[in-house]
**Q** 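What follows is a single structure, and I will ask about it in a moment.
Since we're looking at a predicted model, the values are computed, not measured. First the proteins, then the strands, lettered A, B, ... as listed; each starts at 1.
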Amino acid sequence: MVNGVRKEVYGFTTYDRECGQLFAVEGLIAALIMITAAYLAFGAVIPQSNADMHVSELQLKQMGDDMLYIMDLPDGNAGAGYLESVIYNASPNRGSSANAAAREGFNATFTNYLRKSTGATINQDTLRYSAAIYCVDDSGEVVKLPFVNYGENFGRNPAVCCARYVAADDWGLVGQSSSDTAVRLEVLIWRE
Amino acid sequence: MKKLNDNAEWILLMGLIVSFAIIFLAILLNLSVQTGQTASESVAEFPKSQIRDLRAELTDAAITSENAAEFDAKLDAIRRLALYRDNAVADAYVTYDSFADEKYGYTKLRVHYSNGVTEYDEIILLPKKL
């Protein structure tokens, strides 16, 4: 039998050379696969988060919270921790010299802890912070008082916020009444 | 069909197997990224240090204060600061000399913290020698 010769079988017209049908089906399937692949590829998004960054932020936050915690611990069986004396002197009605001493003392202690906690040499002093005190004024509003800045965050590096409530004895804003109250010390820490 | 050259069937089959392996690995990679993120986010969002801090500060205030009014002055500041700066509701209720046994008098301190996701309540008994 010669290929390509028309013949009549049960009233239908058929061809002998039908090997091409298989290639047509294969081409169709390949096209479907390629379209599906392109659809998936263009529709895919890359998750913009690597776990490493969260880990380092977590570490930084834990470190900052711990540092504020150990600074607030009483030195002995009773009495006030170091942070309470810092806050006591940082009260605006205590006068500018006491405030400056409080800033200096806090800065010295906190930077010391920062450098120790990285476990590295002093050459790798890459941690910076910015501290502020939040307190409640006579009208019941929350007021922010800038406290200490160590470095500027020009690079907009991601910072974590660590905070601690500190008991503040005889605390008051300038021109307002003073009382035994509590303030909130917030520290933003970032890597330079 | 008889004339088709089917020597490459094995190559096709191996290609299929390799592609399945790659898809499987891609799924694993995707899952691991998301798992790491969810885990560290849930750790970062849990207010562990806030609760510990609040608890420590209120306990301290209850011990150092002589009466409920003195305690409430400190509590009011903490409550406002928590609301404005921590987006959390902090509250406490203290009962001085709630009850006593032979040697100690007990002050009962109830602490409440809620930031909408995590809620924490505790009753602390502070003994004081009579």
**Q** Report yes or no: do B:Y93 and B:Y113 belong to one cluster of Ile/Leu/Val/Met/Phe/Trp/Tyr joined by side chain heavy-atom distances under 4.5 Å?
**A** no
**Q** Under 4.5 Å heavy-atom distance to chain B, tell me which part of A:V160 shows up: side chain, backbone, both or neither.
**A** neither
**Q** For B:A82, is it the side chain, the backbone, both, or neither that has a heavy atom closer than 4.5 Å to a heavy atom of chain A?
**A** both
**Q** Side chain, backbone, both or neither: which part of B:D53 has a non-hydrogen atom closer than 4.5 Å to chain A?
**A** both
**Q** Among B:L54, B:L58, B:D60, find the one that has a side chain to side chain contact (heavy atoms under 4.5 Å, CB included) with A:Y165.
**A** B:L54
**Q** Identify which part of A:D65 has an atom lying under 4.5 Å from any heavy atom of chain B, answering side chain, backbone, both or neither.
**A** side chain
**Q** Would a hydrophobic clustering, with Ile, Leu, Val, Met, Phe, Trp and Tyr connected at side-chain separations under 4.5 Å, put A:V86 with A:I70?
**A** yes
**Q** Side chain, backbone, both or neither: which part of A:A168 has a heavy atom under 4.5 Å from chain B?
**A** neither
**Q** Linking I/L/V/M/F/W/Y whenever any side-chain heavy atoms sit under 4.5 Å apart, do A:F110 and A:V166 land together?
**A** yes
**Q** Among the options B:R80, B:K48, B:K74, B:R85, pick out the one with the most heavy-atom pairs lying under 4.5 Å from chain A.
**A** B:R85
**Q** Considering residues, nucleotides and ligands other than B:Y96, do more than 12 of their heavy atoms fall under 6.0 Å from its OH?
**A** yes
**Q** Find out if a path of hydrophobic residues (ILVMFWY) with successive side-chain heavy-atom gaps under 4.5 Å connects A:M63 to A:V187.
**A** yes
**Q** Please classify the contact of A:D72 with chain B as side chain, backbone, both or neither, using a heavy-atom distance under 4.5 Å.
**A** side chain
**Q** Quick one: are B:D86 and A:R184 in side-chain contact, heavy atoms under 4.5 Å?
**A** yes
**Q** Got a second to check how far B:S49's OG is from A:Q62's CD, nearest 0.5 Å?
**A** 7.5 Å
**Q** Taking atom OH of B:Y84 as the centre, report whether more than 12 heavy atoms of other residues, nucleotides or ligands fall under 6.0 Å from it.
**A** no
**Q** State the OG1-CG distance between B:T64 and A:D169, to the nearest 0.5 angstrom.
**A** 7.5 Å
**Q** For A:E104, does the CD atom have more than 12 heavy-atom neighbours from other residues, nucleotides or ligands under 6.0 Å away?
**A** no
**Q** Would you kindly confirm whether B:I78 and A:L68 end up in one hydrophobic cluster when ILVMFWY residues are joined by side chain heavy atoms under 4.5 Å apart?
**A** no
**Q** Would you mind checking which part of A:C161 comes under 4.5 Å of any heavy atom in chain B, side chain (CB onward), backbone (N, CA, C, O), both or neither?
**A** neither
**Q** Can you give me the closest heavy-atom contact between B:A77 and A:T181, atom names plus distance?
**A** CB-OG1, 3.1 Å
